[in-house]
There are 2 protein chains.
Amino acid sequence: MPDFSPEPSDAIVADSGAAVSAPLPQPTPSFSPLYQQIKQAILHSLEAGEWKPLEAIPSEMELAKRYNVSQGTVRKAIDELAAENLVVRRQGKGTFVASHNERHVEYRFLRLHPDSGTVSTEGPAQRTILECKRARANAELARTLGLQSGDAVMQVRRLLTLGGTPTILEDIWLPAQLFKGLNADMLTTHQGPTYALFEKEFGVRTIRAEEQVRAVLPDAAQAELLEVTPHTPLLQVDRVSYTYNDAPVEVRKGLYRTDTHYYKNTLS
Amino acid sequence: MPDFSPEPSDAIVADSGAAVSAPLPQPTPSFSPLYQQIKQAILHSLEAGEWKPLEAIPSEMELAKRYNVSQGTVRKAIDELAAENLVVRRQGKGTFVASHNERHVEYRFLRLHPDSGTVSTEGPAQRTILECKRARANAELARTLGLQSGDAVMQVRRLLTLGGTPTILEDIWLPAQLFKGLNADMLTTHQGPTYALFEKEFGVRTIRAEEQVRAVLPDAAQAELLEVTPHTPLLQVDRVSYTYNDAPVEVRKGLYRTDTHYYKNTLS
DNA sequence: GAGTGGTCTAGACCACGCG
DNA sequence: GCGTGGTCTAGACCACTCA
């Protein structure tokens, strides 16, 4: 095959460009580069669980053969997946499905850092599960989780103690259908990030999250749990976590103490 | 030139790999790919002001010729610069030096968004300059700005009113040496982002920033300016802004009201 | 239609990890 | 020494912009 043309060999599926038959409106894009199609194909395999977290995906050469494109095209597809943290490249070894079960990258989604000058070396968080029960989603929760009002959800309340001081009080809501069998014991026993547990025990991979941060005062119960007065301002962090295809899988409301820690963010 | 070798033609400057003369310690990396060297070269030109914000940089072909490498190598260098928002690609037109003076991308560094359901259409912020004076850097400020204790700085205090309610109270510190001639009048008169003013009037390009967010209570003066009670929790946002080479050029302490707005962040 | 960025290929060699 | 990702080249064509 000498060179490339908009009907690239017989690569992948439909070339969304110019199908001969259906006169579908094709609203706007109606063209996607080959490497984007490859990216989608890999994404589908990821989603379908063809490769599990921490496993290697096929080499670039193999994928190139499978999809009938050049290695460079596969490379560009994987580049984007790597940029989105869906996959991790390791030179000389291969490309691996991203996971919250990794050394080093503990607490990927946690933006809270100890004030420099804080005494303790911090160490791992101590978790106290205060509640873990079945509940029904109200309208708002149902909307953000893509459920029906009244659908079953799991509700977890827990306290994280960092360096000896209770620092984070969290309420977590999860679609019960995705997290069958979740209980307080699992949450207590499990080591490492909770998202790692979700991944390992329920096959739910959280990929991305959006947070809304506000300053609030705690109510009496919250203040007591965090061992502060009700006049202590706290960070309220409302998080929605997503898996593939922007499907929401978790709602989490956190209260952070910021007298010993701060919430860090990088702008660019 | 048939193919590539670690002494790539006579491209760019020193191939940091194996200089024949100096037995410098070369701590660790001692190798950088060609496209990284090109990236640095372009970065130097950017820094030296060879091309100004909103201007186009030379085409990929021209740069390839200039540095004696292939177009693909230049492309990869520019790809990274674009990913870091230092440069913006526009198909069919060229590659342009990034700027805060652009339509659409108003307030690139501002993470505060109006609560959905807020009445007003928000519109542009109304700025009130409360103070704009010369001062001397204390030890901490000097350290974070890379100055000497006692060096001259400009200090600005201002209030931003969003949708009718005073929402942001900011103190800004700038190295006086970089911002000669800054005064309250300029700050009041100028339209658009303040970083656009820095860029246009002082040639200071802010590229990146780091924020530390905490929940605090205002003192009496702050509360009055923001028209809240001293018991209203506020977001304290401590920002350090950087230009090329991670050189700090601004320290900014903001107090945000979060009863009508929220601080948004995306995790991945 | 000329020019610019964007996509794609094919082939070569390099750096790294591991047996 | 082989396999994997990483770099580099050269050349072709596509999509977009603007005169």
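A note on names: the letters A, B, ... follow the listed sequences, proteins ahead of strands, and every chain is numbered from 1.
- Between Lys93(A) and dC18(C) there is a side-chain N or O to OP1 or OP2 distance below 4.0 Å.
- One can place CG of Leu34(A) at 12 Å from P of dA10(C), the figure rounded to the nearest angstrom.
- Relative to the ring axis of Tyr263(B), Arg111(B) does not place its NZ or CZ within 45° and under 6.0 Å from the centre.
- The nearest whole Å value for the distance from the CG atom in Leu63(B) to the P atom in dG3(C) is 17 Å.
- The interatomic distance linking Arg89(B) (CZ) with dC16(D) (P) rounds to 16 Å, in whole Å.
- At a cut-off of 3.5 Å, with distance as the only test, no side-chain donor of Thr73(B) or Tyr67(B) sits close to an acceptor on the other residue.
- Rounded to an integer number of Å, the gap from Tyr67(B) OH to dT9(D) P is 14 Å.
- Near DNA chain D, meaning a heavy atom under 4.0 Å from it, residues 70-88 of chain B has Ser70(B), Thr73(B), Lys76(B) in order of number.
- Atom pair Phe96(A):CZ and dT4(D):P shows a separation of 11 Å (rounding to whole Å applied).
- For the residue pair Asp238(B) / Tyr262(A), no side-chain donor-acceptor distance below 3.5 Å is found, with atom types taken as modelled.
- Looking at the side chain of Thr95(B), the nearest of the listed nucleotides dT9(C), dG5(D), dG5(C) is dG5(C).
- Considering only side-chain N and O atoms, Arg90(B) lies nowhere under 4.0 angstrom from the phosphate OP1 or OP2 of dT17(D).
- The nearest whole Å value for the distance from the CD atom in Glu60(B) to the P atom in dT9(D) is 13 Å.
- Partners of Asn101(B) according to the side chain to side chain contact (heavy atoms under 4.5 Å, CB included) rule, which considers only residues two or more places apart in sequence or in another chain, are Leu54(B), Ser99(B), Ala196(B), Glu199(B), Lys200(B).
- Side-chain contact of Thr161(A) with Gln126(A): a donor-acceptor pair under 3.5 Å is absent, judged by distance alone.
- Checked against dC16(C), dT17(D), dC8(D), the side chain of Tyr35(B) finds its nearest nucleotide in dC8(D).
- For His100(B) and Phe109(B), the ring centers sit closer than 6.0 Å to each other.
- What separates CD of Gln36(B) from P of dT7(D) is a distance of 8 Å, to the nearest Å.
- Here dA2(C) presents its C1' atom at 13 Å from CE of Met61(B), a figure rounded to the nearest Å.
- Sorted by first then second residue, the salt bridge (charged side-chain N to carboxylate O under 4.0 Å, His left out) pairs that include residues 188-198 of chain A, not counting sequence neighbours, number zero.
- Each of dT4(C), dA15(D), dG5(D) was ranked by its minimum atom distance to the side chain of Gln91(B); first place goes to dA15(D).
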